[in-house]
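In what follows, a structure is listed as structure tokens, so that the remarks can point back to it.
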Amino acid sequence: MSSERRLLSRRAVLTTMGALPVLTATSVVVASEAAAATAVINPSAQRQTIRGFGGMAHAAWIGDLTAAQRDTAFGVGEGRLGFSVLRIPVPENQADWNRDAATARRAVELGATVIASPWNPPASMVETFVRGSQTNAKRLRSNMYGAYAQHLNDFSTHLRNNGVNLYGISVQNEPDYAHDWTWWTPAEILRFMRENAGSINTRVIAPESFQYLKNISDPILDDSAALANMDILGAHLYGTSYANFPYPLFKQRGAGKELWMTEVYHPNSNDSADLWPQALDVGEHIHRAMVEAEFQAYIWWYIRRSYGPMREDGQISKRGAMMAHFARFVRPGYVRIDATANPASNVYVSAYRGSDSTVVIVAVNKGASSVSQQFTVANSTGSSNVSSWLTDGSRNVAPQGTTTMSNGSLTVTLHARSVMTFVTGVSSGGPSPTPTPTGGTGTGPRVAYTMNSWNNGFTANISITNTGTSTINGWTLVFTLPSGQSITSGWNATYTPSSGQVSARNVSHNATLAPGATIDIGFQATHTGNTAEPTAFTLNGIPCTVA
């Protein structure tokens with residue numbers, strides 16, 4: 001673990017750095033272009049559902065994001081990071097609970113999910129003990145487990161009352177690397193998960209091991225009562241070898257649970273985030289986290305830091321560009337699909353599919369030579385347009401225009417030491433329109449409704465596609481929520497009322513819906529046991545086809 005991270009855990013605020021140049025390591029780039037094996041993309045072979053990519057805001061330790069920086073972090077347009085997950089701390093003192101609320105509210109407004117992690121319980125719940133050479137180690141008092149669960153509930157309720165519905169809350173940040181915060185043994189975590197986690201009023205995240213050490217999560221997976229109370233297995237990847245990314249026991253026991261990577265910086269916190277080509281290590285790291293570990297979320301440590309995705313001057317860094325190649329285009333609800341992961345030496349490929357048949361391919365070329373790479377999308381016929389974006393030593397997520405994929409086949413040049421994202425709409429016959437997003441043909445709108453429910457709540461994502469030939473300027477989507485369901489918050493639309501027949505009206509940034517375009521809106525809601533989905537939708541009074 002880095003020295004800066006240890007210092008920050010003691011709440012020592014480091015001096016911020018100014019604007020940083022792009023730093024390029026000395027190297028010899030070979031001009032020849034190598035050929036790679038075909039990368040086969042199979043949209044029918046679906047893997048994990050992606051919940052998003054994001055980072056940490058911690059106003060107490062490094063200061064809050066500015067309004068402009070929030071928009072850069074969570075916006076999805078050119079020059080934005082496209083983050084869809086925000087992680088915030090759970091302060092031990094109630095007086096500090098609003099400290100990160102402004103950033104959290106803006107993240108929610110821009111469609112992001114918010115989770116929270118505690119470093120320490122309230123001081124009244126903590127006792128000190130001797131742990132090896134540490135004479136003042138901290139742990140939760142054995143008679144305070146129920147009170148601690150209520151503390152987490154109170155924080156969640158406070159945020160909800162201030163416009164932020166947490167997607168999940170952690171039991172403890174890094175209970176196995178707690179030199180400067182609260183230690184938990186595997187047995188203590190297991191006891192809490194068995195006896196107390198079931199009373200928490202939002203999804204429960206555990207155990208957030210600092211290095212994805214399985215000795216602290218195996219007991220939860222092996223205990224049916226504890227496992228029933230865990231919604232998200234959270235892990236950090238500090239120094240975790242790629243060989244330890246897979247988790248066979250989770251695949252065996254974790255049905256219905258989510259798997260999130262909730263904190264990392266990579267490869268270090270000492271170098272500038274603009275050091276090139278070192279920043280490509282982040283691209284490979286995300287690739288392996290998605291493909292080999294099969295995480296559903298990837299969350300950086302501080303959003304704004306000299307070694308992070310956003311520089312101290314608010315500009316996106318090279319490491320941030322690596323994240324944006326995934327975050328801007330692989331949106332929550334997309335599903336990772338099979339792809340040839342390593343078609344050539346130093347080339348890493350992953351692929352994802354949206355509900356509207358959008359396919360996103362991210363290709364990382366860490367090699368010193370360009371590569372001629374063929375992509376083939378299985379069972380795709382006709383032609384489709386492909387949009388692409390490039391990051392190399394001189395460009396950051398730069399649009400590269402549109403080309404054509406014919407019968408699912410496309411050959412491109414992956415520049416030496418670069419990352420490219422390709423977005424297309426695939427179909428079993430006939431051309432598809434220019435992507436991001438893509439739609440079908442027809443005369444009316446199409447809606448896809450995706451629901452993710454838990455004991456007393458759910459989130460819903462709604463994709464709206466204009467399959468007509470005219471641009472829609474201003475829209476209202478009307479649907480009826482089943483009995484017992486009530487919206488508590490939403491994104492990318494204004495919802496009225498909260499139950500019964502609901503009207504979802506556009507907000508300023510998505511009022512225009514071009515022919516073939518798709519927009520995603522969504523909301524979080526409560527239910528009383530009825531998790532049925534709406535059966536019919538109208539857009540501006542026109543009945544929609546439900547995909």
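All values below were derived from every heavy atom in this structure, side-chain atoms included, with hydrogens, water molecules and symmetry-related copies excluded. This structure is a prediction, so every number in the text was calculated from the model and none was measured.
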Check: [X] ring centre within less than 6.0 Å of [Y] ring centre:
X      : Y      : answer
Phe537 : Phe479 : yes
Tyr212 : Phe245 : no
Trp389 : Phe422 : no

We want to know whether [X] and [Y] form a side-chain donor-acceptor pair, criterion being a heavy-atom distance below 3.5 angstrom.
X      : Y      : result
Arg87  : Ser117 : yes
His236 : Ser209 : no
Thr496 : Arg505 : yes
Asn165 : Ser489 : yes
Glu208 : Ser170 : yes
Ser463 : Thr518 : no
Arg70  : Thr66  : no
Gln524 : Thr459 : no
Gln46  : Arg353 : no

query = Within 45° of the ring axis of Tyr167 and under 6.0 Å from its six-membered ring centre, is that where the NZ or CZ of Arg203 lies?
reply =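 Yes, Arg203 lies over the aromatic ring of Tyr167.
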task = Test Tyr247 against Ser217 for side-chain hydrogen bond (donor to acceptor under 3.5 Å, both in side chains), laying out the working first.
result = CA-CA 10 Å; Tyr247 197 175; Ser217 49; 2.8 Å; yes
key: Ile462 vs Asp520, side-chain contact (heavy atoms from CB on, under 4.5 Å): CA-CA, chis, key distance, verdict   = CA-CA 6 Å; Ile462 307 173; Asp520 288 314; over 6 Å; no
request  = Assess whether side-chain contact (heavy atoms from CB on, under 4.5 Å) is satisfied between Asn506 and Thr476, documenting all intermediate values.
outcome  = CA-CA 6 Å; Asn506 66 267; Thr476 299; 5.6 Å; no
key: Short side-chain to backbone donor-acceptor contact, Ser418 and His415, under 3.5 Å   =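 Confirmed, Ser418 side chain pairs with His415 backbone.
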inquiry  = Could you check whether any side-chain N or O of Asn466 sits under 3.5 Å from a backbone N or O of Gly516, counting only pairs where one atom can act as donor and the other as acceptor?
reply    = no
request  = Hey, could you give me each pair passing side-chain hydrogen bond (donor to acceptor under 3.5 Å, both in side chains) that has a residue in residues 281-300? Not counting sequence neighbours.
outcome  =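 Found Lys251-Glu294, Asp281-Lys366, Glu284-Arg288, Glu284-Tyr348, Glu284-Lys366, His285-Tyr298, Arg288-Glu292, Glu294-Arg336.
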request  = Start with the C-alpha distance between Arg47 and Ile337, add both sets of side-chain angles, then the distance that settles side-chain contact (heavy atoms from CB on, under 4.5 Å), and finish with yes or no.
outcome  = CA-CA 6 Å; Arg47 303 303 175 188; Ile337 55 180; over 6 Å; no
query = Does a side-chain N-to-carboxylate-O contact under 4.0 Å join Arg80 and Asp71?
reply =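 Looking at Arg80 and Asp71, the cut-off is not met.
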message = Using side-chain hydrogen bond (donor to acceptor under 3.5 Å, both in side chains), reason through Thr103 and Asp64 one step at a time and then give a plain yes or no.
response = CA-CA 8 Å; Thr103 289; Asp64 202 0; 2.6 Å; yes
message = I'd like to know whether Thr413 forms a side-chain hydrogen bond (donor to acceptor under 3.5 Å, both in side chains) with Ser372, so could you lay out the CA-CA distance, the side-chain angles of the two residues, the decisive distance to 0.1 Å, and finally the verdict.
response = CA-CA 5 Å; Thr413 295; Ser372 177; 5.5 Å; no
